[in-house]
Amino acid sequence: MDHFALRNGVLHAEDVPLPEIAEAVGTPVYVYSRATLTRHARVFRDALSALPKVHLAFAVKSNPNLAVLRVLGREGYGADVVSEGEMDRALAAGIAASDIVFSGVGKTRRELHAACRAGIGQFNIESEEEGLELSRVAAGLGMRAPVALRVNPDVDAGTHSKISTGKADNKFGVPYHEAAGIFERLSALASLDMRGLAVHIGSQITDLAPSRAAFEKMGALMRELRGRGLSVTHMDLGGGLGVPYKSGEKLPGPAEYGAMVAEVTADWDATIMFEPGRVITGNSGVLVTEVVRVKPGAACPFVVVDAAMNDLARPALYDAWHDFVAVRPSGERMTASVVGPICESSDTFATARKIDAVAAGDLAVFRTAGAYGATMANTYNSRALVPEVMVDASRWAIVANRIEPATILAAERVPEWLE
Ligand SMILES: *Cc1c(COP(=O)(O)O)cnc(C)c1O
């Protein structure tokens, strides 16, 4: 459920008509609903209420906007970060360092150092080599770094291959059968507090069976470690729960996911950690765009919009579907391909799809664009970096400025030997 709905024939974000924002800020523009963010944060937390000890770390990469992080921090969420830049954002949003989990396969020495100094709550390390390096960094600072070992459970999440992370041939985590040995060796290092295991098998997961299989394998590994006399107090089950992108699509939601986790972890006696991203932010945002023109095509017309793959990359990257709806739907429908202005054929949002009839100058939105939307935006074709707006009931604010091509051009230099 979200708070983007028609009122008197005009699509609103909460109490704000989208044309008001488009008029003031221009298009394309991302619009987030604070009420939807808060709702999803609460629904996810409530779904885990059967678990005795829970830590929630919002996956910052899904939507790193400072205002979004502020809303989620106020809801009691920590942060799952994958770079120093994301860590700095989470801290700037007021999230306590101790509630931050640092994930990622390529943390640099500099990042390990910065995160140790910041007092990060947990490092999810992805190799023995990284553990050794973290140990040296922590020792140099005279501290003990809290660590979970990320394990690759060799489970196929059944999602798009480009967002699947838990198969043996993926780069993430340590091989399942080597994990206990690595954990035991790293536990002997005085500068590491080896406290748990972490797993994350992929994103946009729409079937709970692979997650259950992965979590059961993690439970078995936890028991093996405890059997060796090692302490395991934290089990990080990652993120990955999918969201419906097509209207009417039925997927397992937080409640089913929470019930499955409660069942699998019933006797774990550990703090269960989660790193949800998309399930919190996905439906909380739309990308508002204006139709530039409608151009005849061989099979059906092309609706050319002013948003493009640089603003919303998911369709080009993952063949992802985003519902496309008119801001002032007439009730008429048309079959068309929706494309952006970029000079790439992959700059296509929809192919021969039945959509609301639109004409040049009309506003429309791509729905469910709050996760992996603005965060992946770039300036390809020397386009502006897309702005972001947050709505809260009847008020709204720009939460990220449009960065104009001229600003980007101003950062470039012609060397004097070319002058
Ligand atoms: C991307 C990622 C997440 C969040 O995934 P969602 O599908 O957005 O929930 C969580 N943990 C890790 C380690 C990730 O890489």
Side-chain angles (χ1 to χ4, degrees), residues 37 40-41 43-45 47-48 55-65 68-69 72 77-83 86-87 90 99-107 115 120-127 130 147-153 155 157-167 170-174 196-208 210-211 214-215 218 234-245 251-254 257-258 261 272-285 313-314 317-318 320 368-376:
L37 271 175
H40 290 335
V43 165
F44 192 78
R45 173 189 299 288
L48 302 168
H55 181 270
L56 296 169
F58 168 65
V60 171
K61 77 176 194 279
S62 79
N63 189 326
N65 182 275
V68 169
L69 296 181
L72 296 174
Y77 277 66
D80 173 56
V81 305
V82 295
S83 69
E86 285 192 353
M87 178 183 81
D99 283 331
I100 298 178
V101 175
F102 204 135
S103 299
V105 71
K107 301 176 205 77
I120 243 51
Q122 179 171 298
F123 290 87
N124 285 359
I125 63 166
E126 304 221 7
S127 65
E130 186 188 346
V147 176
L149 179 64
R150 179 163 173 185
V151 178
N152 185 321
V155 166
T159 183
H160 192 282
S161 65
K162 287 185 183 162
I163 48 176
S164 202
T165 56
K167 284 285 289 165
N170 290 133
K171 69 179 176 180
F172 300 101
V174 301
L197 298 171
V199 68
H200 172 73
I201 62 169
S203 197
Q204 187 55 14
I205 295 170
T206 56
D207 171 7
L208 294 182
S211 298
F215 299 165
M218 299 303 287
H234 290 74
M235 293 291 289
D236 187 337
L237 302 185
L241 189 59
V243 299
Y245 279 97
L251 301 182
Y257 175 81
V261 171
I272 313 294
M273 303 174 68
F274 299 89
E275 302 165 352
R278 187 191 312 269
V279 71
I280 308 292
T281 48
N283 284 325
S284 308
R314 297 186 65 257
L317 270 180
Y318 315 132
T368 318
Y372 307 102
T375 181
M376 284 188 179

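Sequential numbering from 1 along the given sequence is applied to the chain's residues. For clarity, every value in this text was computed on a predicted model and none was experimentally measured. Whatever order the structure lists them in is the order used to number ligands and atoms, beginning at 1.
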Out of all atoms in ligand 1, which are within 4.0 Å of some heavy atom of G239? Include the element for each.
9 (O), 10 (C)
In this structure, does ligand 1 have an atom that sits under 4.0 Å from one of the heavy atoms of Y372?
yes
Which residue and non-hydrogen atom of the protein lie closest to atom 14 (C) of ligand 1, and at what distance in Å?
K61 NZ, 2.8 Å
Could you tell me whether the side chain of Y77 and the main chain of A41 form a donor-acceptor pair under 3.5 Å?
yes
Using a distance-only test with no angle check, is there a side-chain donor-acceptor pair under 3.5 angstrom linking T368 and N283?
yes
Assess G240 for proximity to ligand 1: is some non-hydrogen atom of it under 4.0 Å away?
yes
What are the atoms of ligand 1, with element, lying closer than 4.0 Å to any heavy atom of R278?
6 (P), 8 (O), 9 (O)
Would a distance-only check, ignoring hydrogens and angles, find a side-chain to backbone donor-acceptor pair under 3.5 Å from S203 to G240?
no
Atoms of ligand 1 under 4.0 Å from any heavy atom of R150, numbered from 1 in the order shown, are 13 (C)
Do I125 and R150 touch side chain to side chain, with heavy atoms closer than 4.5 Å?
no
Residues in side-chain hydrogen bond (donor to acceptor under 3.5 Å, both in side chains) with D99, at least two apart?
H55
Can an N or O of S203 be found at a distance shorter than 3.5 Å from an N or O of ligand 1?
yes
CG-OG1 distance between N65 and T375, expressed to the nearest 0.5 angstrom
9.5 Å
Return yes when D80 approaches ligand 1 closer than 4.0 angstrom through a heavy atom, no otherwise.
yes
Counting from 1 in the order shown, the ligand 1 atoms closer than 4.0 Å to a non-hydrogen atom of G277 are 6 (P), 8 (O), 9 (O)
Determine whether the side chain, the backbone, both or neither of E275 has a heavy atom under 4.0 Å from any heavy atom of ligand 1.
both
Using the test ring-ring contact (aromatic ring centres under 6.0 Å, His included), find all partners of F172 that sit at least two apart in sequence or belong to another chain.
none
